[in-house]
Amino acid sequence: MNKKKWSRYPVEFYRRYRHGLWIVFYMMFYMVGFMILENAGHRHYHVLHSAIDDMIPFCEYFIIPYTLWFLYMALGICWFVFCSGSKREYYQLSSVLAIGMTLFLIVSCVWPNMQDLRPEVFARENMFVDMVRQLYATDTPTNVLPSIHVYNSLALMFAFLSSERMRGRNVAKGAIVTLTILIVLSTMFLKQHSVVDVSMGVLTAVAVQMFCEKVFHKEHAAAVCRADSYKY
């Protein structure tokens, strides 16, 4: 009996959470597209620079929130798959992420861009500077508009703040907002992004979030109306 129960578990797990595969498949598509762009070797890149960039000092300690972004995104998406209890919230978040990252690929393809802000010499030596060196070695300063670090962080933050399961959890919301702000700042203090592409990341995230909220709100309202009509 127990063997039969355990044999059914993978099937039941798949049926219950198979919607999570949607974002997995998209991320595979995105990574392939990103790697192609990174290795395209364009002859000319549009350099993004702002006078404000020169006023922002380099600070290696921001490597901590910058790298926390990867954990933040992975755990956040998993939370909406397994814990939020709302497929609508998950699909809305997935749509926001997919639209933004697709726009990024399109912009990088038709308008190759880069930034030239990285310091050539560091004022001090410590483990955080070593981590920044590793980051610079693995992540080129090309294809930076809009900042995906900024865009995805805001998209996930918006999703958490509007989630029904997060209602009343002000401490958790405050922690999420604080981490998101630190991640956004880290892209500029580590000289990974210009104020230009950070600003575009913010504006794009807000615009796509508003668009998806309207779309999914209409679909949700229509579904509720259909459900009510069936009762009679």
Side-chain angles (χ1 to χ4, degrees), residues 20 22-24 26-27 29-31 33-34 48 50 52-53 56 59 62-81 83-84 86 88-108 113 115 117 135 139 143-167 169-217:
W22 192 94
I23 194 65
V24 174
Y26 176 80
M27 288 305 299
F29 159 78
Y30 171 79
M31 290 306 300
F34 180 75
L48 302 175
S50 167
I52 302 178
D53 293 324
I56 300 175
C59 182
F62 275 96
I63 191 66
I64 298 175
Y66 188 89
T67 53
L68 281 177
W69 176 83
F70 298 96
L71 185 63
Y72 174 50
M73 294 305 303
L75 293 180
I77 292 173
C78 286
W79 189 87
F80 278 94
V81 174
C83 304
S84 72
S86 172
R88 180 179 65 85
E89 291 179 0
Y90 161 76
Y91 281 121
Q92 180 173 318
L93 170 62
S94 298
S95 298
V96 174
L97 293 174
I99 290 173
M101 288 189 285
T102 302
L103 288 173
F104 165 81
L105 293 177
I106 294 173
V107 171
S108 298
N113 54 84
Q115 53 89 357
L117 304 173
L135 172 64
D139 188 11
N143 304 317
V144 294
L145 181 76
S147 169
I148 291 301
H149 244 68
V150 172
Y151 180 92
N152 283 3
S153 297
L154 290 173
L156 188 55
M157 183 190 75
F158 293 148
F160 272 123
L161 294 181
S162 60
S163 174
E164 287 294 325
R165 189 64 62 87
M166 291 294 290
R167 181 175 295 181
R169 300 183 179 182
N170 296 329
V171 174
K173 287 182 178 180
I176 290 169
V177 171
T178 300
L179 177 58
T180 301
I181 292 173
L182 289 174
I183 290 172
V184 172
L185 292 175
S186 73
T187 63
M188 294 177 285
F189 279 93
L190 291 179
K191 302 302 179 180
Q192 276 292 92
H193 287 280
S194 164
V195 171
V196 177
D197 35 290
V198 168
S199 300
M200 287 303 300
V202 173
L203 293 175
T204 307
V206 172
V208 175
Q209 177 69 23
M210 293 175 63
F211 169 76
C212 287
E213 280 185 357
K214 289 184 178 180
V215 171
F216 279 85
H217 177 74

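Keep in mind it's a predicted model, so treat the numbers as computed, not measured.
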Scan the side chains in residues 92-100 for donor-acceptor partners under 3.5 Å anywhere in the protein, sequence neighbours excluded, and list what turns up.
residue, atom, partner, partner atom, Å
S94, OG, Y90, O, 2.9
S95, OG, Y91, O, 2.7

Indicate yes or no for a side-chain donor-acceptor contact from [X] to the backbone of [Y] under 3.5 Å, with no hydrogens or angles considered.
| X | Y | answer |
| --- | --- | --- |
| R165 | C83 | yes |
| T67 | I64 | yes |
| K191 | D53 | yes |
| T187 | V184 | yes |
| N152 | H149 | no |

Just wondering, do [Y] and [X] contact through their side chains at under 4.5 Å, heavy atoms?
| X | Y | value |
| --- | --- | --- |
| Y151 | V208 | yes |
| V144 | L48 | yes |
| I77 | I23 | yes |

Does one side chain, of [X] or [Y], offer a donor that lies under 3.5 Å from an acceptor on the other?
| X | Y | value |
| --- | --- | --- |
| T180 | Y72 | yes |
| S84 | W79 | no |
| D197 | S147 | no |
| S194 | Q115 | no |

Original post:
Between M157 and K173, is a side-chain contact (heavy atoms from CB on, under 4.5 Å) present by the stated rule, with each step listed?
Top reply: CA-CA 8 Å; M157 183 190 75; K173 287 182 178 180; over 6 Å; no
Tell me the closest heavy-atom pair linking [X] and [Y], and the distance in Å.
| X | Y | answer |
| --- | --- | --- |
| A172 | M166 | CB-CE, 3.7 Å |
| P65 | L182 | CB-CB, 3.8 Å |
| I56 | V195 | CD1-CG2, 3.9 Å |
| E89 | S162 | OE2-O, 4.2 Å |
| P146 | M200 | CB-C, 3.8 Å |
| S153 | I183 | OG-CG2, 3.3 Å |

Original post:
Parallel, tilted or perpendicular: which describes the rings of F160 and F80, with under 30° parallel and over 60° perpendicular?
Top reply: tilted
**OP:** Assign the ring pair Y30 / F34 to parallel, tilted or perpendicular, where the plane angle (0 to 90°) is split at 30° and 60°.
**Re:** parallel
**OP:** Might you confirm whether atom CD1 of I52 has over 12 heavy atoms from other residues, nucleotides or ligands at distances under 6.0 Å?
**Re:** no
**OP:** Could you walk me through whether L135 and I63 pass side-chain contact (heavy atoms from CB on, under 4.5 Å), step by step?
**Re:** CA-CA 9 Å; L135 172 64; I63 191 66; 3.9 Å; yes
**OP:** Start with the C-alpha distance between L154 and V206, add both sets of side-chain angles, then the distance that settles side-chain contact (heavy atoms from CB on, under 4.5 Å), and finish with yes or no.
**Re:** CA-CA 8 Å; L154 290 173; V206 172; 5.6 Å; no
Original post:
For Y66 and H193, what are the C-alpha separation, side-chain angles and deciding distance, and is it a ring pair (Phe, Tyr, Trp, His ring centres under 6.0 Å)?
Top reply: CA-CA 12 Å; Y66 188 89; H193 287 280; 7.5 Å; no
**OP:** Using the side-chain contact (heavy atoms from CB on, under 4.5 Å) rule, take Y26 and T102 through it: C-alpha gap first, then chi angles, then the decisive distance, then the call.
**Re:** CA-CA 10 Å; Y26 176 80; T102 302; 2.7 Å; yes
**OP:** Using the test ring pair (Phe, Tyr, Trp, His ring centres under 6.0 Å), find all partners of F104 that sit at least two apart in sequence or belong to another chain.
**Re:** none
